[in-house]
Amino acid sequence: MKILTQWLRAYLPGLASGDKQLAEDLTLRGIAVDGIYPLGEGDGSLYEMDITTNRVDAMNHYGVAREAAAIYGLDLKPLEFALPAAQPAAPPFSVRIEAEDACGRFTARVLRDVTIGESRDWFAGAEVATYFGLLEQKMISNAVDATNFAWLAMGQPAHAFDLDKIEGGIVVRRARKGERLKTLDGVERVLDAEDLVVADHKKALALAGVMGGWDTMITAETKNVLIEAAWFEPMAVRQTARRHGLHTDASHRFERGADFNAAPVASALVSAILLASGGWIEGELVDARVAAFEERTARRRPVALALSEVHRILGATENPVGITAAAAESVLTALGCKLASQRVGASASQPHAAPAAEQTLGPVSWQVTLPSWRLDLEREIDLIEEIARVYGYNRFANTLPAFGEGVKALPWAEKEAAVRSVLRGAGFHEAISSTFCSAAEGAWTAAQPGQVVALGNPLSEEAGVLRPSLVPGMLTMIAGNLNRDVNDVRLFELGTVFSGTAEKVDERPVLAFGAVGSFPDESALHERRAIDFYDLKGAVEQALSRFEARSVYFDRFPAEAGLTPEWLHPYRAARVVAEGVTVGWFGEVHPRLAAERKVAAAAKLKERVLVGELYLDRLYKLPLRSPAAREISRFQPVRRDFSLVLGEGIAWETIDAAMAELQIPELVEWQVREVFREARLGAGEYALLLRTTFQAADRTLREEELADFQRRIVETVGNVGARLRT
Amino acid sequence: MRNEAIPNLTAFDEAALDEAFAALERQAREAAAALGGEADREAFRLEWLGRKQGRLNEVSGRWLKAAPAEAKKALGVRFNALKAVVEGLLDAALGAGPSDAALQTEAIDITLPGTRRLLGAEHPITRTMNEIVAVFAALGYSVGVGPEVETDYYNFESMNFPPGHPARDTQDTLVIAAQERKPLRDRLLLRTHTSPVQMRTMEQQPPPVRIVIPGKVHRNDAADATHSPIFHQVEGLCVDTNVTFSDLKGTLDHAMKALFGPAVKTRFFPSFFPFTEPSADVQISCIFCGGKGCRKCKDSGWIELLGCGMVDPAVFAFAAQKQPAYDPRKISGFAFGMGVERIAMMKYGISEIGSFYAGDMRFLGQFA
Ligand SMILES: [Zn+2]
């Protein structure tokens, strides 16, 4: 919206601030001036305004001038237009509001023997042609220009009909289904039974509050004019405008709530302009009103306002005097409120009472009558906001509230931080991916089939459902890196996954991790190696080791059991179980899937893609492990290596369990040092180098003891099918 | 370099002992002086101090055994002195270490780059959210969270959005499929702001409340350089008796200084949000030019950063349905919300909001 400062100044004779200062003061009060364009010495400036939709009353020159008057405490010139006395009309022009639920007020004034022609070059201190030019308002004829002038001046739509085309009087009613109306834009419209129209006794004349009709428009031949200025109900106008795909200045205003009392003022303004070129008024203004709407707009019940509430909500100002009763009264009065003081021994007619005197007079409160143009004001808090706004937000002090209770951490905050730090320590970057995936991706990653939540208005087909797993997002990000020739990828994401139905959606926090390419130390000098299953397993183990869990194990279900997720390689994937509960899955991506997602298609990629998820809601049920120090033995540890040969069917887990069962306190550690397969071994056999470490807390171990331990180890691994290599 | 064998000793008087030990000491000193590398030193050690064939061992074996009882003490004193000398010589030889020439053959190029263990980076959004949360934690705010799929009631109705509000339209809000049969308030949607957690928290907990709510939110927005259908917010809520607008100003002024540096100034503008009144937009003095005006702040010297306001009494009325203590006549409060992406983009000089969600290793690695 555009505003001319010269026009503003016509309403504010006392305004001393320059255009730049005025723009800043308005902006800081929520009447935002986005751009200032000086028009030359003495011609003021053009403001480009950005006014929020709740302040539709300020989207015109008089409305902005009212704000300035409130800010500076200036007098605002009243909008009054002297009209010549009317000639009597017998009978008065007939106006009937039939749609009492949609039209609150309809004023009609009859002007006869008018001269339709070009607009005079000035009105109400405004150079019409210049102003219209600057505001990009087309000049049409004095009758139409007059209604546009009223619109720009005070934001009240008005309309001029060719009176001689009206048959009988005016009826504001709903259209008849199928009724036809050619509107001012030349479009022949078929009306809906819900449309609100201004009609005469025979036909529809105009889409009420939206657009006038073609057949009754003002032409050069027009002699007699009917001036309409009305108040229409917002929803009725919005629906009519929407049905016909129209958005006009008038519909914009009515949809957001017009000023119930503005109609007669606008009517007078339009009439005065038009009569300046000749003609006379027939009859008094016809003013049809619906009491119910008047009560909800112009005659609302006063709102109680207490000064103590103003202070309770707004607090301290930089000026120690604070917001006085006088300051509050002056702001609200300038905005058009009428204040009746309820303070004993004082009244609102003493707006400049000294603050010191107020203190002694006890609590101050008012009954505030609200202006008809401010339908956004309804409650005490709305008035408090107006006081703060016009007083100036930046004139309030910066204080801090009294300290409340102690800070309560989220129960899982520390656990989440622990998981994140393990993954970062393992060299995984944290990523955030889309919350959505395609229905197909959802289907193959959902924990339970049919529990995928679809969107009603998805952004795209690829984002049709809420992700039931972080895996699709992880694979997308890995593929994205490969497509950009970034071949070593390690990522993790901590996010929400969704399951359920349209009735109920469950959300769970999940950690996903994915990797591909080399597992490098970032140096060209050291050998790189492909990241593998065990690198991921190590990260998982380390993450789990931050939690208190007596039992953690990894297993896999045979592919035929159908329990391994579809996205995993059936023989290179593991389930993670802690305290008997499945807390995650990870492994190599199923080669078929990788091919489908084109991850494996990247030419440079020979390695496999690794991916996994940990179900954090389950993991977080475990307490965090608090580190405890153990006495470190002063005595020399002794290492003994065993080279074992095993059948392929014997997993490390078996050896590991057998070693644990020995329960030798001095056997403090055992590890696999090496696994190898070579031709010299028997068919279906592999070799494993087992390293054991013995140490006692209280003594140096004797040779005889060690010999005994060795014997027992060979025996126990022998029992599960491993033999010493010779 | 082998020394002559240890002679047999026949006389055990003081003079004879002195002479015999002096000879041995001379031999040891000569041998030590000729020591070169580590192998020499080890040979010297074995020759003189070796447990089985060492010369000193031989001395003690032969001479001590042969000595008459009255000479054993004098011999022992001299033996220990010689042993100390030999050990001293060995220590000195060890202390000198390998020769410089020997070391030079081991030279490396110390200008080659160091080997860096790849450290995982915290996502800039996580990092920024944590920074914001930490500032408010220091002011006594606990962290609150809530679901990403919300009901219309929590996302809109209880936040005082009127029924026909444009935000409720599917043009702006992503909705779950097949909700049409449900009453409006029960319909499921992706929360468009973290504000519903305000209501969820108040329903659970009577005042006082001080919470800060970091979270992911969604809107039905086309993606461009600065807009994304997925983004993050940090919301704050402070409710107590006597919480005022000036408290809101002071809190946010402090928070902005904590986040962007003590020189940052704040400026409050009237604004409009359904769930606060009075409402304000907050600008901070431009962190790039210090307020002089630059391209980043469109020459205004100010950058718009967050929205805030006093909690609307209507919102308290919704909370009071479950917690009667939220009586707007007795308590008051403020709420604020800020976009995490916007702050992170500013702090780290990121120009494309999409970078946050692409998982590009090169982008993320910069934050390690
Ligand atoms: Zn700047």
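Chain letters run A, B, ... following the sequence lines, proteins first, then strands; residues in each count from 1.
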Which portion of A:N54 sits near chain B, non-hydrogen atoms under 4.5 angstrom: side chain
Under a 4.5 Å heavy-atom cut-off, does chain A meet the side chain of B:D221, its backbone, both or neither? backbone
Are B:F363 and A:H429 an aromatic pair, judged by ring center distance below 6.0 Å? no
For B:M310, is it the side chain, the backbone, both or neither that has a heavy atom under 4.5 Å from a heavy atom of chain A? side chain
Residues B:R187, B:E180: salt bridge by 4.0 Å N-O rule: no
Turns out that what part of A:R379 lies under 4.5 Å from chain B's heavy atoms comes down to side chain
Salt-bridge test for A:D488 and A:R490: reply yes if a basic N is under 4.0 Å from a carboxylate O, no otherwise. no
In terms of heavy-atom proximity below 4.5 Å to chain B, should A:T317 be classed as side chain, backbone, both, or neither? neither
So what's closer than 4.5 Å to chain B heavy atoms on A:V489: side chain, backbone, both or neither? both
Please flag which part of B:I230 lies under 4.5 Å from any non-hydrogen atom of chain A: side chain, backbone, both or neither. side chain
Checking A:N481 against chain B: side chain, backbone, both or neither under 4.5 Å from a heavy atom? side chain
Region of A:L494 in contact with chain B, defined by heavy-atom distances below 4.5 Å: neither
Is it the side chain or the backbone of B:Q179 that comes within 4.5 Å of chain A heavy atoms, both, or neither? side chain
